Number of protein chains: 4
Amino acid sequence: MGIKTKDEYIESLRSLNPVAYMFGERLTNVIDNPRLRAGIEATGATYEMAQLDPGLVVTQSPLINEPVSRFTLPPASVEDLVERVKLNRKVANYVGTCHQRCTGLDCLSTLAIVTYDLDEKYKTEYYPRFQEFLKFMQKNDLTGNAGVTDVKGDRSLAPHEQVDKDMFLRVVEKKADGIVVRGAKAHQTGSLSAHQIIVLPTRAMGKDDKDYAVSFAIPADTKGLIHVVGRSTLDMRELDGCDIGNTYYSKYCPTLIFDDVFVPWERVFMCGETEFAQDMVVKFSSFHRQSHGGCKSGKIDCMIGCALTMMDYNGTAKVGHLKEKVTDMIHRAETLYGCCLASSYEGQKQPSGAYFIDTVLANASKIHEGKEMAEATRMMIDACGGFVADLPSDRDFSNPEIGGLLKKYLKGVDSVPVENRIKMYRLAEKLALESADTISDIHGGGSPAAHRVTILRETDTARKKKAAKRLAGIKD
Amino acid sequence: MGIKTKDEYIESLRSLNPVAYMFGERLTNVIDNPRLRAGIEATGATYEMAQLDPGLVVTQSPLINEPVSRFTLPPASVEDLVERVKLNRKVANYVGTCHQRCTGLDCLSTLAIVTYDLDEKYKTEYYPRFQEFLKFMQKNDLTGNAGVTDVKGDRSLAPHEQVDKDMFLRVVEKKADGIVVRGAKAHQTGSLSAHQIIVLPTRAMGKDDKDYAVSFAIPADTKGLIHVVGRSTLDMRELDGCDIGNTYYSKYCPTLIFDDVFVPWERVFMCGETEFAQDMVVKFSSFHRQSHGGCKSGKIDCMIGCALTMMDYNGTAKVGHLKEKVTDMIHRAETLYGCCLASSYEGQKQPSGAYFIDTVLANASKIHEGKEMAEATRMMIDACGGFVADLPSDRDFSNPEIGGLLKKYLKGVDSVPVENRIKMYRLAEKLALESADTISDIHGGGSPAAHRVTILRETDTARKKKAAKRLAGIKD
Amino acid sequence: MGIKTKDEYIESLRSLNPVAYMFGERLTNVIDNPRLRAGIEATGATYEMAQLDPGLVVTQSPLINEPVSRFTLPPASVEDLVERVKLNRKVANYVGTCHQRCTGLDCLSTLAIVTYDLDEKYKTEYYPRFQEFLKFMQKNDLTGNAGVTDVKGDRSLAPHEQVDKDMFLRVVEKKADGIVVRGAKAHQTGSLSAHQIIVLPTRAMGKDDKDYAVSFAIPADTKGLIHVVGRSTLDMRELDGCDIGNTYYSKYCPTLIFDDVFVPWERVFMCGETEFAQDMVVKFSSFHRQSHGGCKSGKIDCMIGCALTMMDYNGTAKVGHLKEKVTDMIHRAETLYGCCLASSYEGQKQPSGAYFIDTVLANASKIHEGKEMAEATRMMIDACGGFVADLPSDRDFSNPEIGGLLKKYLKGVDSVPVENRIKMYRLAEKLALESADTISDIHGGGSPAAHRVTILRETDTARKKKAAKRLAGIKD
Amino acid sequence: MGIKTKDEYIESLRSLNPVAYMFGERLTNVIDNPRLRAGIEATGATYEMAQLDPGLVVTQSPLINEPVSRFTLPPASVEDLVERVKLNRKVANYVGTCHQRCTGLDCLSTLAIVTYDLDEKYKTEYYPRFQEFLKFMQKNDLTGNAGVTDVKGDRSLAPHEQVDKDMFLRVVEKKADGIVVRGAKAHQTGSLSAHQIIVLPTRAMGKDDKDYAVSFAIPADTKGLIHVVGRSTLDMRELDGCDIGNTYYSKYCPTLIFDDVFVPWERVFMCGETEFAQDMVVKFSSFHRQSHGGCKSGKIDCMIGCALTMMDYNGTAKVGHLKEKVTDMIHRAETLYGCCLASSYEGQKQPSGAYFIDTVLANASKIHEGKEMAEATRMMIDACGGFVADLPSDRDFSNPEIGGLLKKYLKGVDSVPVENRIKMYRLAEKLALESADTISDIHGGGSPAAHRVTILRETDTARKKKAAKRLAGIKD
């Protein structure tokens, strides 16, 4: 036990036997499927970095009093909050895509706060249960996956108002030894790279939504759990073994169906306490938006590197407006990073002893992400040139009839091997256009509207009005 | 002869036998290749609309005195300029992607002006040659493809300075009956949907670039011409026959290699007159940027329709911030359209009698496109929801083990069949993420920097300074 | 009678005796008050240009069959619509601020359409009355001022729901020979530069708002009418005769109080027909937004001239990022202009024979104005330098003790007299920071939200949804 | 000695006798001039808050081992860096404008680092001299003013290349007891609110610019020093005592002429060490950009308060798009604040023991300020309504003939006294349109281009390229 190597991590996944489908077929070997493997490798990088740079990843757990990966550590100090951001930026820069391990940590971080508050109010036992679960995660250096986003059905209706009551995950039966849940969670990035699925509610719940206010954890291969991997734009490339772009890593997003899944009580962390549903989802979302800020600034770092390298290869390294665009990209990376760092440094201790970030600053970062990642991508494409769209295949380049001609004509500056230019264009395509990765900029951690609602709600507007009135000379 | 039906158009392509490669293999049947066929169908829609809405498409040619498609008509009046924009918007809205027939028309429109000016200056015979070619295009209702964008090699060097002199297409031999050309043109959207390839230079040429100042037309299956279809993000979908998104249409972009291709003199429209190279590319680019304005506003119309329909299906049709986003999308469509319409209405007669648009206004439209199409896309994704990224495959939906569950959980509002919601999500994915289509927003018609240079150069800044000085009370 | 010269215009104003207040004092001589005179001069420029450039300003009136100024001509053709835009751009560029004569013309243009429709429905006599009024305006080449924006009280309440019923202008008495009206109109740019005040309702009216659905015209010095000139940022400068910036022209905005004003029936153009109130305000607003597009592009032209001249004076004419900013300014000017031109070219004949613009395109222009004028201003300030904020006074420059030192240190490039640089900075300050002028970019012609509502309402969304469904393969 | 009260501060200024001009006249009493007093009051607020909230302002000086105001304390820890941001935000929110005391502190903070480095390299005595000066500032709780921005002459020329060699401040004579300097510094916010003027070079200096590489401090009333207060948009209001807007505070910006001013050696902190000029200005600029981030987020807080209060008063508090705009304003405030906080938390100890911020993050904040303050202002104006531009004067409201009518018609919601609404509109005008305050958003701390150059230069681009190459599979 203890910190796993990357190989141990991958082997540990082999012991699981999840029910998974992709493109209409049941998968028998998840781990060695090239498409999923590229995603698993990205999570694997979090283990690899624990070896390569232990100072960055490994810390002491106050709970088990052993060294643990920061990816299993709910923040217990401001420093822990800050390190989350720095770690995410570095891992994202290393993998050039989503490493998929943040959502599980964001769940652990949330539960480390809210289960305690639940017990305080209801004299329940969620917090000690959660502590046990956390020990298990830490001791085995496991990866969790957050099951948050319900499929939602008709969005104008509350959970209990839906025609089909299962459009939000709910408890359909309570037993002596546990509960049975039914529903589906969408956009479950990395669910097959994870050992455990950790479920939280997706929204605030009203009194009539009691069955929907549920939180728990289960192994990723629990009976009744079905992973259906969604299509993404470049999903055939890894399967086909050609024109991959990012040599090592990728991302995939299943829909996760809970077809009457049993959860033992020791893994249930909320069950029916509707007024805490909002608290859970707000805490989780804030943590997750903070995770994004680190991660996506790291991805922009990759895009900057890609743009600058292409400029070297194209002979445009000194073109003024391209340097301006790179500067704009840096500005966006640092804005996401800066706001998330600040939200961490301004974090506060919670009753359980765990730490929580400044919500307004974390959401300020995410609002930028929702708009500016698309801008950064657009600028990278602008700087790289049109072959991001329509580069011939590696198979064309190695075709004996036309390969020579293609290599002749794809050459950029004389000193750079044409192969390097081709590879960098392929990376640019991957960075810009892999839907599973890029669309999380917009919808990950909730939609942009949700972030806006949050910062308005969390801001002390009364104080601002008071200051303005004083200056205007208004007494009231 | 005369206006072709769509079927006649497609049959006419069968008589060509171009050399084409895709994913490393020589194609034996271009027309029935599902991926290319979807592109050919998009061009086919320009023929189909001539039947469906002749008032929109068909007009009288002053040259051959017969009804012709506007897609073969260089503008001979302000009305013709305006109709280009309206026609492009409507066809784009009909196909939801690039119809690929504008570039050839933009070449014809350019040559109808510049070959006349060339002859005026040099007593050459380019204009009558071009007139003959134009008659041929009009009488047979042919589709042309613009060969403009050279591969360019090291962009810090002029054509004649390149280490490999072929990085810009050039004349390598002059013979009694014609010329031999060598080089490659990138991003040749629809080159296999076209009967004729029309080549123009890609930039201004200096005195030492004489061999590069060349313009001509050749059949798409001329000996030595090689079409290499590039990868694009969703390119396997049509081949695979599944998860296509846009039921009918798509786009593809080959790289076109001219491996010592012979061009008879009667199809050569410029050869060595370096100072007209700039004029050709500026005219072409301006026409093409105007084409984009019509076309892309029509594509935004599709995206608006997609967003609004998804809102109906999701139960979010009344959500304020989503209506705001749709309004923003409309605003962008109308901005592109408005500036292009204005550039047309303000068009001017040229010495040859053909008409040319207002360059500043056409470029103003394109600058918006380069930035705002990405914004419109982002807003569509925001309005639609996260399944744009990771919707399960149609094969999952029809899998007997999980299809029922997936359909249950993908349901939106109760009154809408789940199949419709799935189809609309798939269309959203296609509209947002097909690289061959989306990246032309940025790089089509030249890069954003080129549009900016154009509007600064074409603006009468001296007059503006004079007005400011008068108001400031400065005499000089 | 007939076209007035600028001098005749100014003399004609002397024959009026309006009740006017400014800074707490009753004005006895409006015409020679330096602050108001600068505004009157701007309107005077519309008369001056009729002499300087009659081809631009003077046309034949189909109504009186005499040459008239376009500023009294409701558009009777597409050409008339287009000329409005071009005329406004040129006059604005000439005066560098608001010429204040567009609002009256926008009222005439609106009434030329709506009074006809009113009569058609109600067999009233508004249209012939209006025709008589129009003849009077044309024959005497008069300036009208639009009284549209009511003070509105509590904006969450309809007119008839207000605690004080006078918060929207209303009919308080109907007499045999006319009506008595009470209320106040805000932001009445140029009300003292005008001969006639033309009142329209400010919003759609419900059934209970009958008294508020009123339109009429009265002389600017009618009994009971009180002009209260508001403060603006630089309003003391002309009064003080120093540091004026724009040597000739300025703008001012009174609040206009109708303190039980009598209007004879022959000048009443609507009275109680509530359902036409919306039509009036929508038509007026669209015309006015189109006026803005021409006018504000002309103002940006001045700002471009100012920025470029300052760059010449500062030695920064070749700095890349400043040229980029000037390009951005040009882009904004042409966007406003292009959308407005297009809205004009796409205009349609109305039942009365008058022409109306395309509303969506006119509003698209105004949405840009609301956001982009501030951007253009910011860029001008950036290009000019910090002395836009805090240039010493001309009195400092002529002070014998420090004037020499100041001139020494304010010098830019050696070849430019320091006086010129000082004057241009002062103009930049005026262009950027005169509130009466700049805030109309945001609130003139209704708030930005109103423009957005308009384009969403006027767009055929059903057609767009239908196109998307066809492409997605959805039948319904 | 020790912490001064606000009254003591103001009295201490009375003992100075600076040479000052405004609007062409020599000022005999700076302190009681209403225009300047409003600025002095803003600086006075920094003293007032030391009484009101000593925990915020007062700390222990490690240098003199006494309690001092943070406004005289070069940061000696990360906490000190962070407190600068929080303090600036709070004071700015309290005064609603520039408090003018940050620039002096930014000079002290810079010199606390660079004089040490100078001595390390050259074995000079600048650091101990500076320490003595700092003790003097701390013991007497003095306000410093930064003299940085030279007037610059022809910006295409280096200092020594200028036709007039005095366009950058320079040493014209070296004496046994000190130096004589000549030149002028522009935009000297608060130079008459300060006890000491602290001069730094404005740019990097080359070998031939030796005389220009000079830093020193002198009393604000030193012989030869001339303060010429520049015009700003609302500068007559305080003089006139009417329509002031911000009841207590304002800002003013003199040009400062050094007409052969003698500086004793003990106040000279650099003299001829050209290669440190850049270091000084970069350090100062970074500190000052960080100061702006705190300050301007505090000003946006005022603008938010103003907008929300006006919405309450107008009856628009529940209007969706206005709440969106307020949210956008919050987002901008938090972005400035977040990036500056992060730049502080990431600060590093320098050789002298003083702390310096992260430059990239501080500049990222300032880039946002340069663009987004104008946006925040635009949104405030949008939310408030058109009377920001043209509200009648208080003198009109108190005029017996029209005051009653005006108050009747300016009423908003019934429950709010009309006087309050009028006052809040006046504040909005002041916040939006006082040029001395608003233009510093753009040009304060250097132009936007300078901030962009900084973040590109300070970013480790090689590391980013390396990461991209690894992912692309490129070895080099």
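Please read these numbers as outputs of a predicted model, since none were measured by experiment. FYI, side chains are in, hydrogens and waters are out, and symmetry mates aren't considered; it's all heavy atoms of this structure.
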About how many Å separate CD1 of C/Ile367 and NZ of C/Lys371, when rounded to the nearest 0.5 Å? 12.0 Å
Looking at C/Lys430, C/Lys318, C/Glu375, C/Gln162, which makes the most heavy-atom pairs under 4.5 Å with chain D? C/Glu375
Tell me, for D/Ile226 versus chain C, whether the close heavy atoms (under 4.5 Å) come from the side chain, the backbone, both or neither. side chain
Measuring only between side-chain heavy atoms, which start at C-beta, is D/Gln100 closer than 4.5 Å to D/Thr103? no
Do NZ/NE/NH1/NH2 and the carboxylate oxygens of D/Asp150 and D/Lys185 come within less than 4.0 Å? yes
Looking at C/Arg237 and C/Glu434, is there a salt bridge between them, counting it only when a charged N and a carboxylate O are closer than 4.0 Å? no
Which of the residues C/Arg378, C/Arg395, C/His321 is involved in the greatest number of heavy-atom pairs with chain D at under 4.5 angstrom? C/Arg378
Given heavy-atom pairs under 4.5 angstrom as the criterion, report whether the side chain, backbone, both or neither of D/Thr255 touches chain C. side chain
Region of D/Lys152 in contact with chain C, defined by heavy-atom distances below 4.5 Å: neither
By a 4.5 Å heavy-atom criterion (distance strictly below it), what part of D/Ala374 contacts chain C: side chain, backbone, both, or neither? side chain
If one checks every heavy atom of D/Leu433 against chain C at 4.5 Å, the contacting part turns out to be both
Please determine whether a side-chain nitrogen of the Lys or Arg among D/Arg182 and D/Asp259 lies less than 4.0 Å from a carboxylate oxygen of the Asp or Glu. no
Flag the one option from C/Val163, C/Leu157, C/Thr189 with the top tally of heavy-atom pairs under 4.5 Å to chain D. C/Val163
Euclidean distance, C/Leu27 CG relative to C/Met22 CE, rounded to 0.5 Å: 5.0 Å
D/Lys408 NZ to C/Asp166 CG distance, which is reported to the nearest 0.5 Å: 3.5 Å
Pick one of side chain, backbone, both or neither for D/Asn314, based on which atoms fall under 4.5 Å of a heavy atom in chain C. both
When only pairs under 4.5 Å are counted, which of D/Cys242, D/Ser440, D/Gly370 shares the most heavy-atom pairs with chain C? D/Gly370
